[in-house]
Undergrad: 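This structure is in structure tokens; I'll ask about it shortly.
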Amino acid sequence: MLDLKLIRQKPDWAKQKLAERQIDPKEIDDLLELDARRRKLIIETETLKKQRNEVSKEIAQVKRNKGNADEQIAEMKNVGSQIKDLDAQLEVLNENVRYILVRLPNYPDDSVPVGKDDTTSREERKVMTPRKFDDFEPQAHWDIGEKLGILDFKRAAKVSGSRFVYYKGLGARLERAIYNFMLDEHQKEGYEEILPPYLVNNDSMFGTGQFPKFTDDTYTVLDEENPLTLIPTAEVPLTNYYRDDILDESQLPVYFTALTPCFRSEAGSAGRDTRGLIRMHQFNKVEMVKYVKPETSWDELEKLTADAEEILQKLKLPYHVITLSSGDASFTSAKTYDLEVWMPEQKTYREISSCSNCTDFQARRAKIRYRDADGKLHYVHTLNGSGLAVGRTVAAILENYQNADGSVTIPEVLVPYMGGVTKITGEK
RNA sequence: GGAGAGUUGGCAGAGUGGUAAUGCACCGGACUCGAAAUCCGGCGAACCCUUAACCGGGCGCGCAGGUUCAAUUCCUGUACUCUCCUCCA
């Protein structure tokens, strides 16, 4: 959520920044007009409330002396109904202001390339050179996985539907090896391991910015009075951990990491990545979340991204880093680096991690603050990044480490996590 | 799932219709070479409006409604915590 006071003070700047995110400047004009009416009403109703408080004191005094206060009571009855009326009007205006405000995305940082979609993202660096497949055509990971008997999409479709998968045998083992490896690495970098709830309430979904705009992408369960949503990412329970809390300055920065399943309905993505592990309704992801002081958040974003890159480097998977353009970054993000891993069969880089600095945007929604040495309150800055999407990592390993005979070599760092297995051959 | 109790400022803890005691903590001062103890004074959350700022005002007793001139107090709903029962992994 954006700071309404800042919009009030620098409306032209806000309009320009939000225009980079395809927001019509008229929205800001509407917002400011509603806000002006709102503030005018506040003054009116508070003036009446002050009067009510004063006269009520008089009434109390008169009553104590067994006097007659009928006149004042009649007067206050009138004032009371005026207040009720004005407050009702005010509530409508508050809702209208809020309706716009909670749907405005974060301001893009000045270092973010301006553009409306993924064609305008900026490549920062390429790391490692994709392997050459001179002696055979690289297979798609779903073909490799099915032939090796470690992935079963067909039966998952029977049991659940499309975009689900069974991992079997060494496939399941590989998934487990990967996320254990990732969690261990992040722990070494100072992230505290968390195992959070996978079902969260609406306040949490609002806090991290999924609600109210992106309800369609999620799965909601249970009855209407107490709806819970299956987390689309561990960012939600990790960032809401300190919702409505005031931290002490000495507690910052806080680093969390968690492995969780993620559930996404992927509404509107029909026809994209219909095969394989790339786009699933349920997938595992190791997530990193940080709560930091505002002045450090840009350095922390670089470190966070480096921590995610470290995983790819240790797995020896070629990737590149791109900065998403202003129109392509997520709702809550001021700046996002995507890590895209090389997929040999598609001969292209595919997203495997997304690292964002959300500045104070989520902190303001979720009321996450800290008290400085002078006792003053500030919003923290929150960051999150995948480190990494586990299913996509499996896909990348299957494709990059495949051999001509259809077997797949296990990346060296994972061998200890595979109980010494160095190659998946499909033989039992 | 059932029964009961609770939720008040950083913490503890009063307050059953007249607008939030008190203690600890905290800040300032006195005393002291200094500190502790003691004494005096002050502040008591967050949020909103107003202001250049101070001041001022509103709001505020888990949350949301209702009754009333007036609600921490009465009514309704609800969340969470604790205890007991039931069930269960």
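Because only heavy atoms are used, hydrogens play no part in the values below, and waters and symmetry mates are left out as well, while side chains stay in. Below, chains carry the letters A, B, ... as their sequence lines are ordered, and counting in each starts from 1.
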Undergrad: Can you check whether A:R8 has a side-chain N or O nearer than 4.0 Å to OP1 or OP2 of B:C49?
TA: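 So the side chain of A:R8 is within the cut-off, an N or O lying under 4.0 Å from OP1 or OP2 of B:C49.
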
Undergrad: If pairing requires Watson-Crick or G-U wobble contacts with both distances under 3.5 Å, which nucleotide is the partner of B:U83?
TA: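 Checking every strand shown, B:U83 finds its partner in B:A3, with both distances under 3.5 Å.
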
Undergrad: For nucleotides 71-79 of chain B, tabulate all protein N/O to nucleotide N/O atom pairs closer than 3.5 Å, reporting atom names and distance.
TA:
none

Undergrad: Partner of B:G17 by Watson-Crick or G-U wobble geometry, both contacts under 3.5 Å, or none?
TA: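 Paired with no nucleotide.
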
Undergrad: Tell me which nucleotide, if any, is Watson-Crick or G-U wobble paired with B:C33 when both distances must be under 3.5 Å.
TA: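 WC or wobble partner does not exist here.
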
Undergrad: What integer distance in Å separates A:L377:CG from B:C48:P?
TA: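 Rounded to whole Å, this separation is 11 Å.
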
Undergrad: Pick the P atom in B:U78 and in B:G44, then give their distance to the nearest Å.
TA: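 These two P atoms come out 37 Å apart once rounded.
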
Undergrad: Aromatic rings A:H281 and A:F164: how do their planes relate, parallel, tilted or perpendicular, breaks at 30° and 60°?
TA: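 It falls in the tilted class, 30° to 60°.
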
Undergrad: Could you tell me how far apart A:Q72 (CD) and B:C69 (P) are, to the nearest whole angstrom?
TA: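 Interatomic distance, CD of A:Q72 to P of B:C69: 14 Å.
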
Undergrad: Out of B:G58, B:C49, B:A46, which nucleotide sits closest to the side chain of A:I42?
TA: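 Comparing B:G58, B:C49, B:A46 against the side chain of A:I42, the answer is B:C49.
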
Undergrad: Out of B:G18, B:U50, B:G58, which nucleotide sits closest to the side chain of A:A60?
TA: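 Looking only at side-chain atoms, A:A60 lies closest to B:G18.
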
Undergrad: Across all strands shown, which nucleotide pairs with B:A52 by Watson-Crick or G-U wobble geometry, both distances under 3.5 Å?
TA: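 Looking at the geometry, B:A52 pairs with no nucleotide.
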
Undergrad: Mind calculating the distance between CG (A:D245) and P (B:A45) to the nearest angstrom?
TA: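 Computing the A:D245:CG to B:A45:P distance gives 19 Å.
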
Undergrad: Can you tell me the distance, in whole Å, between the CG atom of A:L93 and the C1' atom of B:C48?
TA: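 Atom CG in A:L93 sits about 15 Å away from atom C1' in B:C48.
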
Undergrad: Using the C1' atom as the point on both nucleotides, what is the distance between B:A21 and B:C61, in whole Å?
TA: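 About 14 Å, rounded to a whole number of Å.
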
Undergrad: What is the pairing partner of B:A71, taking Watson-Crick or G-U wobble pairs with both distances under 3.5 Å in any strand?
TA: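 Check on B:A71: unpaired, no WC or wobble geometry under 3.5 Å.
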
Undergrad: If we count only N and O atoms by modelled type, under 3.5 Å, do the side chains of A:T359 and A:N357 hold a donor and an acceptor together?
TA: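 Side-chain D/A pair, A:T359 to A:N357: absent.
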
Undergrad: Could you work out the separation of B:U8 and B:U67 based on their C1' atoms and round it to a whole Å?
TA: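 23 Å, rounded to whole Å.
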
Undergrad: For a quick test of reading the model: is some side-chain N or O of A:R39 closer than 4.0 Å to OP1 or OP2 of B:U50?
TA: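 Affirmative; the distance criterion is met.
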
Undergrad: Is it true that A:D273 and A:R163 have a side-chain N and a carboxylate O under 4.0 angstrom from each other?
TA: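 No, this pair does not count.
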
Undergrad: Using the P atom in both, what is the distance from B:A36 to B:G28, to the nearest Å?
TA: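 These two P atoms come out 12 Å apart once rounded.
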
Undergrad: Atom CD1 of A:I246 to atom C1' of B:C47: distance rounded to whole Å?
TA: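 Answer to the nearest Å: 11 Å.
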
Undergrad: Between the side chains of A:S325 and A:R122, is a donor N or O closer than 3.5 angstrom to an acceptor N or O?
TA: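 The answer is no; no qualifying pair exists.
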
Undergrad: Side chains of A:D217 and A:S265: donor-acceptor distance under 3.5 Å anywhere?
TA: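 Per modelled atom types, A:D217 and A:S265 side chains form no pair under 3.5 Å.
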
Undergrad: Taking the C1' atom of each, how far is B:U76 from B:C82, in whole Å?
TA: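 Result for the C1' pair: 25 Å, nearest Å.
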
Undergrad: What's the gap between B:A20 and B:U73 when it is taken at their C1' atoms, as a whole Å value?
TA: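 That atom pair is separated by 11 Å.
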
Undergrad: Just compare B:C69, B:U50, B:C48 and give me whichever is closest to any side-chain atom of A:E46.
TA: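 Taking heavy atoms from C-beta onward, the closest nucleotide is B:C48.
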
Undergrad: How many whole angstroms separate atom CG of A:D244 from atom P of B:C63?
TA: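 To the nearest whole Å, that distance equals 12 Å.
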
Undergrad: Using a 4.0 Å heavy-atom cut-off, does A:R364 contact any base of the nucleic acid, only the sugar-phosphate backbone, or nothing at all?
TA: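 Touches nothing.
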
Undergrad: Can you tell me which nucleotide in B:C47, B:C69, B:C48 comes closest to the side chain of A:R38?
TA: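 Side chain of A:R38 sits closest to B:C48.
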
Undergrad: Could A:K17 and A:E20 be called an ion pair, given the rule that one side-chain N must be under 4.0 Å from one carboxylate O?
TA: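 Yes.
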
Undergrad: Can you see whether A:T336 engages A:S333 through a side-chain donor-acceptor pair at a distance of less than 3.5 angstrom?
TA: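 Looking only at side-chain atoms, A:S333 and A:T336 do form a donor-acceptor pair, the distance falling under 3.5 Å.
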
Undergrad: Given that A:Y379 and A:Q61 both sit by RNA chain B, which one's nearest nucleotide is further toward the 5' end?
TA: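 Nearest nucleotide further toward 5': that of A:Q61.
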
Undergrad: Assign A:N78 to base, sugar-phosphate, or nothing according to its heavy-atom contacts below 4.0 angstrom with the strands shown.
TA: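 If one applies the 4.0 Å heavy-atom cut-off, A:N78 turns out to touch nothing in the nucleic acid.
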
Undergrad: Send over the distance from A:K367 NZ to B:C63 P, rounded to a whole Å.
TA: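 Computing the A:K367:NZ to B:C63:P distance gives 12 Å.
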
Undergrad: With both distances kept under 3.5 Å, what pairs with B:U78, Watson-Crick or G-U wobble?
TA: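 Check on B:U78: paired to B:G62, both distances under 3.5 Å.
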
Undergrad: Whole angstroms only, please: what is the CG-P distance between A:L86 and B:C48?
TA: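 Result: 21 Å.
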
Undergrad: What does A:I43 touch in the nucleic acid at a heavy-atom separation under 4.0 angstrom: a base, only the sugar-phosphate, or nothing?
TA: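 If one applies the 4.0 Å heavy-atom cut-off, A:I43 turns out to touch the sugar-phosphate alone, with no base involved.
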
Undergrad: B:C47 and B:A14: how far apart are their C1' atoms, nearest whole angstrom?
TA: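 It works out to 26 Å between them.
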
Undergrad: Under a 4.0 Å N-O cut-off, is there an ion pair linking A:K116 with A:D328?
TA: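 Here A:K116 does not pair with A:D328 in a salt bridge, since their nearest N and O are not under 4.0 Å apart.
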
Undergrad: Would you indicate what A:K84 reaches in the nucleic acid, counting non-hydrogen atoms under 4.0 angstrom: base, sugar-phosphate, or nothing?
TA: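 Answer is sugar-phosphate: A:K84 comes under 4.0 Å of backbone atoms only.
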
Undergrad: Using both distances under 3.5 Å as the test, list the Watson-Crick or G-U wobble partner of B:G41, or none.
TA: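 Pair assignment: B:G41 / B:C27.
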
Undergrad: Give A:K63 one of three labels, base, sugar-phosphate or nothing, depending on what nucleic acid heavy atoms sit under 4.0 Å from its own.
TA: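 Answer is base: heavy atoms of A:K63 come under 4.0 Å of a base.
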
Undergrad: Toward the 5' end of RNA chain B, which comes first, A:E91 or A:I59, by nearest nucleotide?
TA: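 Comparing both residues, the 5'-ward one is A:E91.
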
Undergrad: From the set B:C59, B:C69, B:A46, return the single nucleotide nearest to any side-chain atom of A:N53.
TA: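 My answer, after comparing the listed nucleotides, is B:C59.
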
Undergrad: So, for A:A308 and A:L339, which heavy atoms are closest and what is the spacing to 0.1 Å?
TA: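 Of all heavy-atom pairs spanning A:A308 and A:L339, the closest is CB-CD1, 3.6 Å.
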
Undergrad: Of A:I28, A:D30, A:L34, which meets side chain to side chain contact (heavy atoms under 4.5 Å, CB included) against A:L32?
TA: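 Only one of A:I28, A:D30, A:L34 forms a side chain to side chain contact (heavy atoms under 4.5 Å, CB included) with A:L32, namely A:I28.
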
Undergrad: Roughly how many Å apart are B:C43 and B:G10, using the C1' atom of each and rounding to a whole number?
TA: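 One C1' to the other, the span is 13 Å.
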
